[in-house]
Amino acid sequence: MMAAEAIQPWGIYIVNSIFGSILSPLLISKVFPLFTLWAVCWFSFFLIRKRFGWALAIAAMVMMSNFPLERMIGFFARAYAFPLLLAFTYFWLEEKRTPTLVILFLSAFFYPVVFLIKCVIIGIDGLIIIIKGELKDHLKLYVALALVIFFCCGMLLLKSSFIDSNELLGGFLSKKELLERPEFGSGGRVDFQYNMNANLPLEFPWRFYLRFPFSGYDLETVALLLSILLIVLISRRSSYPRMDVYIISLLIAGTVLFFIAQWRLPQLFLPERYVYYSYLPFLFLLTLRNAAFLQSIAKNSIWAKMAIAGILIFSTFHIKSPKDVGLHGYDDHRGLYEKINTFEKPVMIAGPPAITSQIPTFCRQSILFSDEAVHGIYFKNYYDYVKPRVDDFIDAYTSTDEEELVRFIKKYKIDYLIIDKGFTSSKNMWFYQPYAKILTERTKDLKNSDLIISQISEDFIVESDWQYDLLDCYKWMNMIELQME
């Protein structure tokens with residue numbers, strides 16, 4: 001919990017603290033996405049309607065809200081990314097100075113990735129204005145932008161220094177360590193090594209977000225649409241040059257920041273985040289802009305507008321329906337959570353990371369570690385804090401020696417141990433690397449019945465759901481002590 005507080009942007013920490021003291025985390029997680037979704041739909045619709053009409057505005061609203069929805073669920077920092085990015089897009093293109101400055105400021109304190117993307121976009125626009133000799137006309141705006149950017153960068157550097165000096169975190173692991181340790185490679189908890197692939201911008205999965213007419217030629221299709229936009233812009237035939245420059249700037253900003261993040265790994269965190277949060281709005285706006293060209297060729301016929309908008313909506317839903325947005329349902333394990341909720345006093349629970357992440361939220365109980373809790377292992381001290389816990393859990397969970405499980409329970413004062421029935425019956429259990437490999441190696445020559453957790457009497461087991469049971473460690477340890485006497 002302390003690690004999560006230290007890592008979170010200050011804006012997230014303040015908002016979560018305020019709402020968390022009033023409302024339950026579950027209620028917040030259910031209601032909050034309605035506001036983020038509304039913001040994305042509102043800014044998308046009015047941004048496009050003013051320029052290209054209501055039909056494309058509806059298509060824009062569907063496109064923008066459907067795919068990023070999984071990133072807006074929950075009360076995490078990333079939930080603010082798309083609403084803040086689209087709000088900035090709207091106010092920037094509308095040339096509304098005060099709202100633009102406010103959104104820029106909020107971005108730095110809620111999701112710095114989109115703040116940096118906006119800074120590069122502003123820099124590109126400023127460079128164009130200087131080249132055109134129009135800086136004098138925009139001087140007040142750019143002085144205000146510079147002041148906000150310098151202030152926010154100073155606050156972000158201050159936040160970074162706090163993280164470096166935090167005793168629990170201890171600053172980032174070195175780039176060399178991140179590129180060598182298996183926890184940060186393929187199948188690891190945070191794949192920094194994948195993010196060092198210089199071809200990631202070229203390999204962006206466009207086809208996962210929009211159905212193009214020529215299957216297998218997604219990059220070529222995007223290049224064609226971009227070429228059309230560039231030709232219209234360079235030939236000075238664009239009716240909306242500010243928007244066209246903005247679309248191109250999104251692509252440039254994401255690409256530039258990607259390579260800077262690779263160079264400064266891990267200070268700017270995962271490089272692919274900059275690609276994702278710039279390329280996706282770039283794709284949608286580029287497609288909508290070319291759709292507007294088609295509308296104008298069709299002389300803005302109402303039927304053409306409806307047909308083009310319908311094709312875009314179909315292309316969006318053909319890839320992913322709103323019913324399939326990458327969210328996780330926990331009803332399958334309702335029995336486990338309900339059982340834990342019957343505990344009248346605080347307890348310490350240990351178990352596989354796939355199931356323990358939701359226990360603090362759903363049950364308000366402590367856990368030894370979880371998949372979500374180990375996310376911060378790219379910090380030196382936190383890595384040293386979490387790794388022994390995971391190592392000891394793996395040793396105890398795969399042990400054939402009763403004493404090893406006893407030592408584990410005593411060391412961490414475990415009240416309940418979650419037993420994965422899939423693991424005790426087939427020795428299969430999800431874990432991030434290198435522990436997935438360690439689990440396989442440690443159990444490959446064992447029978448299911450050799451595992452100590454498979455041998456525990458049902459007298460000490462609290463049945464919960466079809467996949468998980470709870471070992472009452474207090475009762476089981478009492479029995480062990482009696483046997484030793």
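Nothing here was measured: the structure is a model prediction, and the numbers come from that model. In what follows, residues are counted from 1 in the order of the sequence shown.
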Original post:
Would you say Thr255 and Val275 make side-chain contact, with heavy atoms under 4.5 Å?
Top reply: no

Original post:
Any idea which heavy atoms bring Ile313 and Ala59 closest together, and the distance?
Top reply: CG1-CA, 3.9 Å

Original post:
Sequence neighbours excluded, which residues qualify as salt bridge (charged side-chain N to carboxylate O under 4.0 Å, His left out) partners of Lys411?
Top reply: Asp392

**OP:** Check for a donor-acceptor pair, side chain of Gln193 on one end and backbone N or O of Arg181 on the other, with a separation under 3.5 Å.
**Re:** yes

Subject >> Side chain to side chain, Pro281 and Leu85, heavy atoms closer than 4.5 Å >> reply: yes

Subject >> Derivation of the side-chain contact (heavy atoms from CB on, under 4.5 Å) call for Phe369 and Thr356 >> reply: CA-CA 7 Å; Phe369 70 92; Thr356 49; 5.5 Å; no

**OP:** Would you check, one step at a time, whether the test side-chain contact (heavy atoms from CB on, under 4.5 Å) holds for Leu336 with Leu470?
**Re:** CA-CA 8 Å; Leu336 175 66; Leu470 289 163; 3.9 Å; yes

**OP:** Would you please indicate if the ring centroids of Trp10 and Phe110 are separated by under 6.0 Å?
**Re:** no

Original post:
Nearest heavy-atom pair of Leu104 and Phe115: which atoms, and what distance?
Top reply: O-CD1, 3.4 Å

Original post:
Can you tell me how far the CG atom of Leu285 sits from the CE atom of Met63, to the nearest 0.5 Å?
Top reply: 8.5 Å

Original post:
Is there a donor-acceptor contact under 3.5 Å from the side chain of Gln365 to the main chain of Val347?
Top reply: yes

**OP:** Would you indicate whether Glu463, at its atom CD, is surrounded by more than 12 heavy atoms from other residues, nucleotides or ligands within a distance under 6.0 Å?
**Re:** no

Original post:
For Glu203, does the CD atom have more than 12 heavy-atom neighbours from other residues, nucleotides or ligands under 6.0 Å away?
Top reply: yes

Original post:
Would you find a donor on one side and an acceptor on the other, under 3.5 Å apart, between the side chain of Ser357 and the backbone of Glu372?
Top reply: yes

Subject >> Spatial distance of atom OG1 (Thr398) from atom CD1 (Ile452) [nearest 0.5 Å] >> reply: 11.0 Å

Original post:
Does Leu312 reach the side chain of Leu288, with side-chain heavy atoms less than 4.5 Å apart?
Top reply: yes

Subject >> pair Leu368-Val390: side-chain heavy atoms closer than 4.5 Å >> reply: no

**OP:** Begin with the C-alpha distance, continue with both residues' side-chain angles, and end with the deciding distance and a verdict on ring-ring contact (aromatic ring centres under 6.0 Å, His included) for Trp206 and Phe208.
**Re:** CA-CA 5 Å; Trp206 309 101; Phe208 292 164; over 10 Å; no

Original post:
Under the side chain to side chain donor-acceptor pair (under 3.5 Å) criterion, do Tyr194 and Ser186 qualify, and how do the steps go?
Top reply: CA-CA 7 Å; Tyr194 166 78; Ser186 178; over 6 Å; no

Original post:
Below 6.0 angstrom between ring centroids: does that apply to Phe362 and Tyr337?
Top reply: yes

**OP:** Please determine which of Ile121, Leu283, Leu280, Ile124 meets the side chain to side chain contact (heavy atoms under 4.5 Å, CB included) test together with Leu250.
**Re:** Ile121

Subject >> Nearest-0.5 Å distance that lies between atom CD in Glu272 and atom CG in Asp191 >> reply: 9.5 Å

Original post:
Taking atom CD of Glu458 as the centre, does the number of heavy atoms from other residues, nucleotides or ligands within less than 6.0 Å exceed 12?
Top reply: no

Original post:
For Lys175 and Phe192, what are the C-alpha separation, side-chain angles and deciding distance, and is it a side-chain contact (heavy atoms from CB on, under 4.5 Å)?
Top reply: CA-CA 9 Å; Lys175 184 175 181 178; Phe192 279 99; over 6 Å; no

Subject >> Donor-acceptor pair, side chain of Gln262 and main chain of Asn195, under 3.5 angstrom >> reply: yes

Original post:
What pair of heavy atoms forms the shortest contact from Phe258 to Ala198, and how long is it?
Top reply: CE2-O, 4.1 Å

**OP:** Tell me whether the centres of the aromatic rings in Tyr383 and Tyr378 are closer together than 6.0 Å.
**Re:** no

Original post:
Between Trp476 and Tyr474, is the ring centre distance below 6.0 Å?
Top reply: no

Original post:
Is atom NZ of Lys427 surrounded by more than 12 heavy atoms (other residues, nucleotides or ligands) closer than 6.0 Å?
Top reply: yes

**OP:** Report the distance from atom CZ of Arg442 to atom CG of Leu446, rounding to the nearest 0.5 Å.
**Re:** 8.5 Å

Original post:
For the residue pair Phe43 and Phe91, is the inter-centroid distance of their aromatic rings smaller than 6.0 Å?
Top reply: yes

Original post:
Do the rings of Tyr276 and Tyr209 sit parallel, tilted or perpendicular, given the 30° and 60° boundaries?
Top reply: perpendicular

Original post:
Do other residues, nucleotides or ligands put more than 12 heavy atoms under 6.0 Å from Lys421 NZ?
Top reply: yes

Subject >> Phe343 and Tyr416 aromatic centres sub-6.0 Å >> reply: yes

Original post:
Yes or no on side-chain contact (heavy atoms from CB on, under 4.5 Å) for Ser449 and Ser454, after CA distance, side-chain angles and deciding distance?
Top reply: CA-CA 6 Å; Ser449 58; Ser454 298; 5.5 Å; no

Original post:
Should Ser44 and Tyr90 be marked as a side chain to side chain donor-acceptor pair (under 3.5 Å) after you check the CA-CA gap, both sets of side-chain angles, and the distance that decides it?
Top reply: CA-CA 8 Å; Ser44 300; Tyr90 176 80; over 6 Å; no

**OP:** Report the distance from atom CD1 of Ile163 to atom CD of Gln267, rounding to the nearest 0.5 Å.
**Re:** 11.0 Å

Subject >> Flag, side chain of Glu402 to backbone of Val406, donor-acceptor distance under 3.5 Å >> reply: no

Original post:
Run the side chain to side chain donor-acceptor pair (under 3.5 Å) check on Tyr435 and Asp391 step by step: do they pass?
Top reply: CA-CA 8 Å; Tyr435 296 105; Asp391 290 341; 2.7 Å; yes

**OP:** Please confirm whether Tyr412 and Phe393 have ring centers closer than 6.0 angstrom.
**Re:** no

**OP:** Establish, yes or no, whether a centroid distance under 6.0 Å links the rings of Tyr468 and Phe423.
**Re:** no

**OP:** Determine, step by step, whether Glu404 and Ser399 satisfy the side chain to side chain donor-acceptor pair (under 3.5 Å) criterion, reporting the C-alpha distance in whole Å, the side-chain angles of both residues, the deciding distance to 0.1 Å, and the verdict.
**Re:** CA-CA 7 Å; Glu404 191 163 18; Ser399 178; 2.9 Å; yes

Original post:
Do you know which two heavy atoms are closest between Ile247 and Phe282, and how far apart they sit?
Top reply: O-CD1, 3.1 Å

Subject >> Phe269 CZ: over 12 foreign heavy atoms closer than 6.0 Å >> reply: yes

**OP:** Kindly compute the distance separating NZ (Lys475) from CD1 (Ile461), expressed to the nearest 0.5 Å.
**Re:** 10.0 Å

Original post:
Looking at side-chain heavy atoms only, is the closest gap between Asn166 and Tyr382 below 4.5 Å?
Top reply: no

Subject >> Ile418 versus Pro352, closest heavy-atom pair with distance >> reply: O-CD, 3.8 Å

**OP:** Check whether any side-chain heavy atom of Leu169 lies under 4.5 Å from a side-chain heavy atom of Asn381, and answer yes or no.
**Re:** no

Original post:
Side chains of Lys413 and Met348: closer than 4.5 Å at any heavy-atom pair?
Top reply: no

Subject >> Proximity of Tyr111 and Tyr80 rings by center, below 6.0 Å >> reply: no

Original post:
For Ile453 and Leu405, which heavy atoms make the closest approach, and how far apart are they?
Top reply: CG2-CD2, 4.3 Å

Original post:
Quick check, are the ring centers of Trp42 and Phe46 under 6.0 angstrom apart?
Top reply: yes

Original post:
Is there side-chain contact between Pro9 and Pro112, with heavy atoms separated by less than 4.5 Å?
Top reply: yes

